[in-house]
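Read through the structure below, which is laid out as structure tokens, and then see the notes.
Nothing here was measured: the structure is a model prediction, and the numbers come from that model. Indexing begins at 1, ligand by ligand and atom by atom, following the structure's order.
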Amino acid sequence: MSEAISGASGGPVDPTVGGPHDPEHDPRASYALEPEYVARLTERVVATTGRTTQVHSPINGAPVANIPQSSTDDVAEAFRRARVAQAAWARVSVDERARILHRLHDIVLDRQAEIMDLIQLESGKARKHAFDEPLHIALTARYYARTAHRHLDSERRPGVVPALTKVEVNRVPKGVVGIISPWNYPFTMALCDGLPALLAGNAVVTKPDAQTMLSALLGARLLEDAGFPRDLWQVVAGPGRELGPPIIERSDYICFTGSTATGKVIAKQAAERLIGCSLELGGKNPILVLRDADIERAAEGAVRACFSNAGQLCVSTERMFVADAVYDRFVERFVARTKAMSLGATMDWDADMGTLISADQLETVTAHVDDAAAKGARVLAGGRARPDLAPYYYEPTILEGVTPEMTCFGNETFGPVVSIYRFHDEADAIARANDGEYGLNGSVYTRDTARGRAVARQIKCGTVNVNEAFGATFASIDAPMGGMRESGMGRRQGSEGIHRYTETQSVGTQRLIRFGPMLGMSDEGYAKFMTASLRLMDKLGRA
Ligand code: NAD
């Protein structure tokens with residue numbers, strides 16, 4: 001493993017302190033990071049255009065880095081390199097691949113401070129929410145490293161003629177996987193889907209979101225430090241609309257995480273080429289608080305469910321359905337906990353919630369809350385921007401009395417805004433939770449966990465957590481994660497999350513007999529013999 005890149009803090013960076021160079025005169029410069037550090041990350045981008053785009057920190061608007069931009073030709077070059085690397089990698093044993101992946105687990109835990117610094121600088125999230133990212137990558141690396149053989153070994157299957165037909169099913173890598181990822185969890189979303197792809201013998205070409213390239217590039221470096229061949233993981237940078245089509249044009253499989261609108265565009269392009277794709281998309285995720293819920297636990301969970309990463313989390317809760325019997329008590333506790341949150345965009349561990357990432361995000365959140373308030377919703381907590389804390393900061397917000405004509409009733413806000421509804425009848429609450437087009441994540445709070453699981457089975461979401469916000473499913477890497485309905489297609493995590501990157505190949509070996517008349521048998525005689533054999537097999541209970 002190489003040393004931490006020079007300039008890496010090993011602890012919080014203070015982005016308010018002027019950096020060593022002046023970004024106005026040195027195009028490599030940054031107010032917050034050493035230029036050499038930035039350069040060692042950005043040199044991983046395959047880019048020959050000479051163009052760069054500047055990334056600013058949402059913490060204070062200061063420049064963080066200039067990111068080289070890739071052209072369509074650069075995308076082609078990235079795929080060329082990836083294909084060469086993949087051909088060699090596919091011959092490396094599963095044990096060796098798993099060993100390298102396991103090393104990533106240790107590296108990520110060792111260098112978590114550096115990882116969190118970059119995530120915070122680029123996204124503005126609270127440090128405790130930045131920690132979720134190295135945590136998720138360590139869990140994912142350990143899980144797949146330890147279960148590699150379970151997912152990838154060839155399997156024996158029963159042949160058509162017992163003892164004489166031998167069949168094995170092999171898992172063949174697809175080739176080069178394209179990964180397009182969003183800004184909200186910039187380190188884990190850029191990496192987590194690629195780890196099983198590598199383990200299965202593929203190469204990867206990634207296009208992380210433009211706002212959070214450094215976090216993704218650090219991931220690429222850490223993969224190299226762990227021992228993955230450098231060319232196995234290619235990074236291109238640029239607008240999704242421009243680079244998406246040439247990536248899909250060359251990928252053997254495409255993995256996309258982002259909005260439902262973009263997911264539909266990607267699915268169409270993948271269909272044109274008949275390549276597989278997985279789409280991890282948006283949600284309007286519900287929590288149900290049943291009448292026997294532990295109210296304090298539900299209120300604590302609701303704060304994490306709604307306001308982690310300022311609600312910019314795909315599995316974040318935006319709708320709460322609370323039983324009549326406990327509604328007032330629950331709302332009192334939830335509002336009190338929300339108002340007690342410590343707000344701020346700082347690099348230390350003090351803030352309970354950080355800032356939104358961009359002016360666009362602030363505009364959407366403000367529009368949703370203002371629209372609801374103008375149409376009669378009550379604001380129980382928050383409800384306003386806080387430019388005194390950071391340029392795009394918005395307070396954690398709880399709304400009551402939200403109705404279908406309000407924008408935030410059914411549309412994803414992707415911000416720190418939750419609507420809270422009262423219910424009398426559990427069946428009605430389940431039906432309301434299932435309303436709409438999304439189906440990503442849900443939660444049920446109840447003291448009766450068996451009943452909680454029974455309710456969970458009726459919720460049309462790809463993951464449902466009982467007495468937890470989202471971590472019980474999301475952090476259980478053996479459990480598949482993904483959306484039903486317009487929240488996505490395919491699954492990450494578990495065997496589903498690695499098998500998507502393989503083709504199954506069945507190899508059948510036949511001994512002694514052949515599939516046709518033998519020993520002078522006529523076609524009619526062969527048909528009779530086979531008919532009798534089929535009846536016998538059925539009597540013997542053979543599948
Ligand atoms: P987005 O769809 O705008 O962008 C996501 C990525 O797609 C970016 O890298 C972007 O550059 C790229 N892109 C944009 N247009 C493209 C196109 N036409 N072709 C190819 N690529 C294109 O999404 P966003 O606003 O950045 O992310 C927020 C959304 O992502 C939310 O809806 C959120 O719920 C969802 N999300 C889902 C999950 C999940 O696991 N289900 C996880 C994180 C985020």
Side-chain angles (χ1 to χ4, degrees), residues 53 55 67 69-70 72 75 122-123 125 129 132-133 136 140 178-193 205-213 215-216 235-251 254-270 272 277-285 308-318 356-365 368 411-415 437-442 461-463 470 473-474 480-493 497:
T53 60
V55 174
I67 307 293
Q69 298 294 286
S70 311
T72 302
V75 171
E122 288 192 312
S123 72
K125 66 177 65 177
H129 301 140
D132 289 343
E133 304 205 37
H136 186 242
T140 304
I179 297 183
I180 300 176
S181 59
W183 44 261
N184 64 333
Y185 277 73
F187 182 73
T188 191
M189 288 295 134
L191 272 189
C192 72
D193 289 305
V205 175
T206 57
K207 194 216 75 64
D209 192 277
Q211 299 177 80
T212 49
M213 284 297 300
S215 304
V235 185
V236 292
R241 221 177 293 240
E242 279 172 33
L243 298 191
I247 290 173
I248 298 167
E249 192 53 43
R250 291 170 178 82
S251 295
I254 188 88
C255 169
F256 172 76
T257 305
S259 63
T260 296
T262 309
K264 288 179 181 179
V265 173
I266 305 261
K268 276 191 198 136
Q269 293 170 1
E272 277 295 315
C277 65
S278 54
L279 308 168
E280 307 287 348
L281 310 177
K284 191 74 188 171
N285 307 308
S308 286
N309 195 23
Q312 302 166 118
L313 168 62
C314 56
V315 289
S316 179
T317 295
E318 296 196 2
L356 297 170
I357 193 170
S358 63
D360 282 354
Q361 281 294 104
L362 178 62
E363 192 180 272
T364 306
V365 171
H368 279 207
N411 296 296
E412 184 186 42
T413 306
F414 213 54
E437 303 304 323
Y438 290 117
L440 190 59
N441 181 60
C461 287
T463 52
F470 47 80
T473 51
F474 203 72
M481 184 268 160
M484 295 185 184
R485 305 189 283 179
E486 294 214 350
S487 287
M489 252 169 65
R491 296 288 182 265
R492 63 163 57 105
Q493 306 194 162

Heavy atoms only, cut-off 4.0 Å: how does [X] contact ligand 1, side chain, backbone, both, or neither?
X      : answer
Asp209 : both
Ile266 : side chain
Phe256 : side chain
Gln312 : neither
Asn184 : side chain
Val315 : neither

Could you report the tightest heavy-atom contact between [X] and [Y], atom names first, then the distance?
X      : Y      : value
Val55  : Gln211 : CG1-O, 3.5 Å
Phe187 : Glu133 : N-OE1, 2.8 Å
Phe470 : Ser308 : CZ-OG, 3.9 Å
Pro246 : Glu242 : CD-O, 3.1 Å
Gly240 : Pro245 : O-CD, 4.0 Å

Rounded distance (nearest 0.5 Å) linking atom [atom1] of [X] with atom [atom2] of [Y]:
X      : Y      : atom1 : atom2 : value
Ser123 : Gln312 : OG    : CD    : 8.0 Å
His136 : Met189 : NE2   : CE    : 6.5 Å
Ile266 : Leu279 : CD1   : CG    : 7.5 Å

Consider every N or O of [X] and every N or O of ligand 1, then say whether any pair is closer than 3.5 Å.
X      : answer
Ser487 : no
Glu412 : yes
Lys207 : yes

Could you identify the single nearest non-hydrogen protein atom to [atom] and state the distance to 0.1 Å?
atom                    : result
atom 18 (N) of ligand 1 : Arg241 CA, 3.8 Å
atom 23 (O) of ligand 1 : Ser259 N, 3.3 Å
atom 5 (C) of ligand 1  : Thr257 O, 3.8 Å
atom 41 (N) of ligand 1 : Leu281 O, 2.7 Å
atom 15 (N) of ligand 1 : Thr262 CG2, 3.4 Å
atom 40 (O) of ligand 1 : Arg492 NH1, 2.9 Å
atom 12 (C) of ligand 1 : Ile180 CG2, 3.6 Å
atom 24 (P) of ligand 1 : Trp183 NE1, 3.6 Å

For [X], take its heavy atoms, then give the atoms of ligand 1 lying under 4.0 Å from any of them.
X      : result
Leu440 : 41 (N)
Gly282 : 32 (O), 34 (O)
Gly244 : 20 (C)

Quick one: are Ser487 and Glu412 in side-chain contact, heavy atoms under 4.5 Å?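 Ser487 does not reach Glu412 side chain to side chain.
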Counting C-beta onward and ignoring hydrogens, is there a side-chain heavy-atom pair between Thr413 and Lys284 closer than 4.5 Å?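 Of all side-chain heavy-atom pairs linking Lys284 with Thr413, at least one is under 4.5 Å.
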Determine the interplanar angle of the Phe414 and Trp183 rings, folded into 0 to 90°, and report it as parallel if under 30°, tilted if 30 to 60°, perpendicular if over 60°.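 Phe414 vs Trp183 ring planes: perpendicular.
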**Asked** Can Arg492 and Thr140 be counted as having a side-chain donor-acceptor contact under 3.5 angstrom?
**Response**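 No, because no side-chain N or O of Arg492 sits under 3.5 Å from a partner of the opposite role on Thr140.
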Between the side chains of Thr260 and Glu486, does any donor sit under 3.5 Å from an acceptor?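 The answer is no; no qualifying pair exists.
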So which of Ser181, Cys314, Pro182, Gly258 gets nearest to atom 9 (O) of ligand 1, if we judge by its closest heavy atom?
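Of the listed residues, Ser181 has the closest heavy atom.
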